Amino acid sequence: MLYSIEKVTTLIGARRYGTADSAISWILTDSRSVCFPEDTLFFAIRSERNDGHRYIADLYRRGVRNFVVETLPEDYATAYADANFLRVPHTVEALQRLAERHRDEFNIPIVGITGSNGKTVVKEWLYQLLSPQMVVTRSPRSYNSQIGVPLSVWLLNERSQVGVFEAGISQRGEMDALHDIIQPTVGVITNLGTAHQENFSSMEEKCMEKLKLFHDSKAIVYPYDDETVRRCVASLDYKGERIAWSMTEPNARLYINKVEKSGVTTTVHYTFDGRPGSYSLPFIDEASVANSVTCAAVALYLGLDGNQIAARMAVVEPVAMRLEVKEGRHGCTLINDSYNSDVNSLDIALDFMSRRPDHAGRKRTLILSDIYQSGKDGEALYKEVSDLSKTRGVEKFIGIGPEISAHSAVIDIPEKYFFGDCQDFILSPVFASLHDEVILLKGARRFSFDHLTELLEQKVHETILEVNLNAVVKNLNYYRSFMKPTTKLVCMVKADAYGSGAVEVAKTLQDHRVDYLAVAVADEGVTLRKNGITSNIMIMNPEMTAFKTMFDYDLEPEVYSFRLLEALVKAAQREGVTGFPVHIKLDTGMHRLGFNPLTDMDELISRLKRQNAVIPRSVFSHFVGSDSDDFDNFSAHQFELFKRGSEKLQSAFSHKIIRHMDNSAGIEHFPERQLDMCRLGLGLYGIDSRDNSVINNVCTLKTTILQIHAVPKDETVGYSRKGILTRDSLIAAIPIGYADGLDRGLGCGHCYCLVNGKKAPYVGNICMDVAMIDVTDIDCKEGDSVEIFGDNLPVTVLSDAIGTIPYEMLTSISGRVKRVYFQD
Ligand SMILES: *Cc1c(COP(=O)(O)O)cnc(C)c1O
């Protein structure tokens with residue numbers, strides 16, 4: 001659906017600057033995701049951490065001509081003569097208004113879903129239940145925020161027959177806006193958990209806020225057995241139908257009279273409006289059962305009959321929220337997206353791939369199965385797939401399935417191949433010849449891409465370190481919340497990003513526009529550059545032998561001594577380098593490296609002034625004990641020394657020299673000392689060094705059980721007969737040892753890992769490649785997964801057990817442990 005720019009101007013009540021004709025079909029809030037610039041309207045949004053107005057020039061260069069802004073660029077009339085600027089007081093409100101007006105165009109059932117858990121699953125399952133019959137438009141992934149909801153609703157188009165949208169809130173007052181945008185005709189509340197409770201005075205208050213979504217809907221679907229929800233719904237002054245579902249109350253509109261579990265399926269027997277029915281579901285956990293009942297209630301209300309529901313419930317698919325990045329064979333990188341296959345989620349995955357730089361000149365390859373999306377004829381659907389792939393930089397296209405093969409002609413990518421199914425592809429020379437490519441795999445579940453992914457993966461070891469890139473971003477934003485928007489940030493990715501893998505983490509950080517990345521030595525910087533990292537990079541321990549490398553790759557060294565400064569200047573002069581930025585380190589109390597801020601400054605200034613090969617870009621020092629209040633006085637003393645030294649340096653130069661001192665703990669505890677820039681390390685990886693608590697866990701080290709032995713009492717386990725058994729035991733061997741970074745000190749019962757959620761202590765000495773654990777009291781079998789540390793067992797439990805710090809634990813994970821990256 002196209003909107004003329006005049007129409008948009010009126011709908012959002014903007015003042016328009018510019019006269020060019022334009023038609024809008026895409027709206028954009030994240031400048032990095034621009035795809036079809038000519039038809040795009042960009043909303044410049046200001047948040048605590050960022051300001052969309054900063055990206056207008058860049059977007060203009062890339063072809064975007066229509067902008068909604070709060071303030072006009074100063075040179076709008078000259079530099080942007082053929083563009084339209086729509087000025088509004090508040091861009092988020094304008095975006096919401098536009099979505100609201102767009103929603104008004106549709107007289108179709110719209111399902112609005114809220115609740116603490118299960119929103120996305122309910123949305124996706126409803127889609128699976130309804131879409132064979134109706135064209136369903138739904139929120140992509142979990143777009144449910146003040147910005148995500150308008151972007152979702154904008155997807156409604158001429159073909160839509162039903163809309164299914166999520167609404168998520170975290171504080172009071174947010175639901176009114178979401179209600180106006182979604183205007184649900186059917187409201188669904190999944191459940192009421194404790195998430196975001198800190199922003200509400202009671203569960204009731206939160207529930208009432210959520211229920212605002214529904215106040216003029218025709219029906220509400222809700223769980224009667226949740227007492228708070230029941231009471232709140234009963235207290236509403238509400239005219240529509242109340243569709244309660246219950247496992248206890250036979251008078252509920254949807255009464256679940258029996259739930260039977262057998263093996264991996266659950267059978268649910270129900271009565272709806274007095275008529276009996278039943279369905280089976282391929283899941284047995286409580287949450288899935290509750291979600292399925294919610295979906296059944298909505299589907300019954302929308303007119304599906306019991307047989308249709310039963311047929312489709314039997315094949316509902318799990319909802320995978322993660323995009324995984326894995327190292328593949330033959331130099332390939334695999335991006336695996338098993339989220340439902342449709343055009344919107346394909347676009348999000350392609351966007352992810354195109355945003356990750358890859359300067360090794362590797363080809364971008366898409367392996368895509370048939371897409372199941374009703375309401376579009378194949379020709380139009382695959383034409384859209386082709387357009388998206390092309391603009392997102394796909395160079396090689398591999399289509400799998402009869403549908404996509406039948407439309408091979410519309411795929412306009414020079415290198416393309418088509419196969420009837422995965423097996424044909426696996427047996428083909430095209431499969432055998434994959435090498436040095438970045439491959440996005442996106443397959444509908446019935447094409448079983450799992451097997452394909454497995455073949456493409458590099459299999460080394462059954463032990464993996466899972467790295468959650470979303471958590472990295474959450475931690476980044478957590479620390480940014482202590483900083484002023486103008487304060488710059490260095491992210492420490494030294495020691496292979498504290499063990500998590502520098503390249504992928506750096507890509508994520510660059511994508512989130514941090515100002516600097518810092519590594520220890522030049523080689524680490526070179527690796528980043530070779531993988532397409534263009535951010536500023538700082539080298540903390542520059543080796544004298546690597547100056548030329550630093551000049552060649554634009555790696556800015558720290559300078560901490562006169563000897564280093566002289567050698568660097570000489571090398572620069574030899575290479576004809578001038579004005580190379582360096583970072584001056586002052587020693588304010590660590591007594592490790594650095595100039596003395598009291599006695600060295602005059603000499604340092606005079607030496608810097610005598611040459612033009614290098615210039616000080618920043619000056620910094622490092623706290624000795626920002627992670628403990630025991631040292632608060634000393635920290636204050638360090639800061640005073642730093643101020644004296646750095647002010648002296650600055651006063652000798654006319655250009656601005658960036659000053660920085662705070663590390664992770666400093667950012668949190670001395671935000672008043674943030675100066676011009678901060679350096680974030682351990683906090684990025686999810687650990688608060690002050691109290692060893694976990695903010696958002698990033699790394700999970702996992703392995704699997706190789707073998708289980710029944711070992712009688714009084715026998716011993718492992719080398720040197722250290723593990724003496726005091727009872728008949730079940731001992732499991734796991735493929736991880738001290739060579740992987742599992743410290744030997746954890747052995748002999750000093751610590752434990754988790755098997756199926758239960759603690760399994762290490763028995764006997766940890767070996768080089770294997771460890772043994774006691775699983776006597778745990779229901780488990782060979783092949784089961786074992787968590788060494790991570791989401792359920794904080795790494796600090798391990799570091800505390802052996803009297804070290806989490807930094808050491810994380811950076812000890814050896815390179816042979818495969819890293820797997822994922823993000824929602
Ligand atoms: C490693 C390092 C940091 C980061 O410290 P965290 O405690 O991990 O935040 C900051 N500055 C310097 C100089 C460092 O070497």
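Here the structure is a predicted model, which means the values were calculated and not measured. These numbers come from the heavy atoms of this one structure, side chains and all, not from hydrogens, waters or symmetry mates. Atoms within a ligand are numbered from 1 in the order they appear, just like the ligands themselves.
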Would you indicate whether the side-chain heavy atoms of D769 and P735 approach each other to under 4.5 Å? no
Within the 4.5 Å heavy-atom criterion, are F789 and L465 side-chain neighbours or not? yes
Numbering as shown, the atoms of ligand 1 that approach [X] to under 4.0 Å (heavy-atom distance):
X: M540; value: 13 (C)
X: S664; value: 6 (P), 9 (O)
X: R679; value: 10 (C), 11 (N), 12 (C), 13 (C)
X: Y498; value: 1 (C), 4 (C), 5 (O), 6 (P), 8 (O)
X: Y807; value: 6 (P), 7 (O), 8 (O)

[X] N/O under 3.5 Å from ligand 1 N/O:
X: R592; value: no
X: G681; value: yes
X: L682; value: yes

Nearest neighbour of atom 10 (C) of ligand 1 from the list E668, H622, H660, K585, on a heavy-atom basis: H622
Sub-3.5 Å donor-acceptor pair from the side chain of S500 to the main-chain atoms of A497, do we have one? yes
Could you tell me the residue and atom name of the protein heavy atom closest to atom 5 (O) of ligand 1, and the distance to it rounded to 0.1 Å? N663 CB, 3.6 Å
Looking only at protein heavy atoms, identify the closest one to atom 2 (C) of ligand 1 and say how far it is in Å. K494 NZ, 2.4 Å
Partner of F623 under ring-ring contact (aromatic ring centres under 6.0 Å, His included), picked from F670, F642, F631, is F670
List in chain and number order the residues that pass side chain to side chain contact (heavy atoms under 4.5 Å, CB included) with N541, two or more places apart in sequence or in another chain; answer none if no residue qualifies. A520, L593
Partner residues of H660 under the side chain to side chain donor-acceptor pair (under 3.5 Å) criterion, sequence neighbours left out: S618, R679
Taking the six-membered ring of Y55 as reference, does the cationic atom of R513 (NZ for Lys, CZ for Arg) lie under 6.0 Å from its centre and within 45° of its axis? yes
Sole residue of V577, L555, V526 in side-chain contact (heavy atoms from CB on, under 4.5 Å) with M550: L555
4.0 Å heavy-atom contact, E558 with ligand 1: no
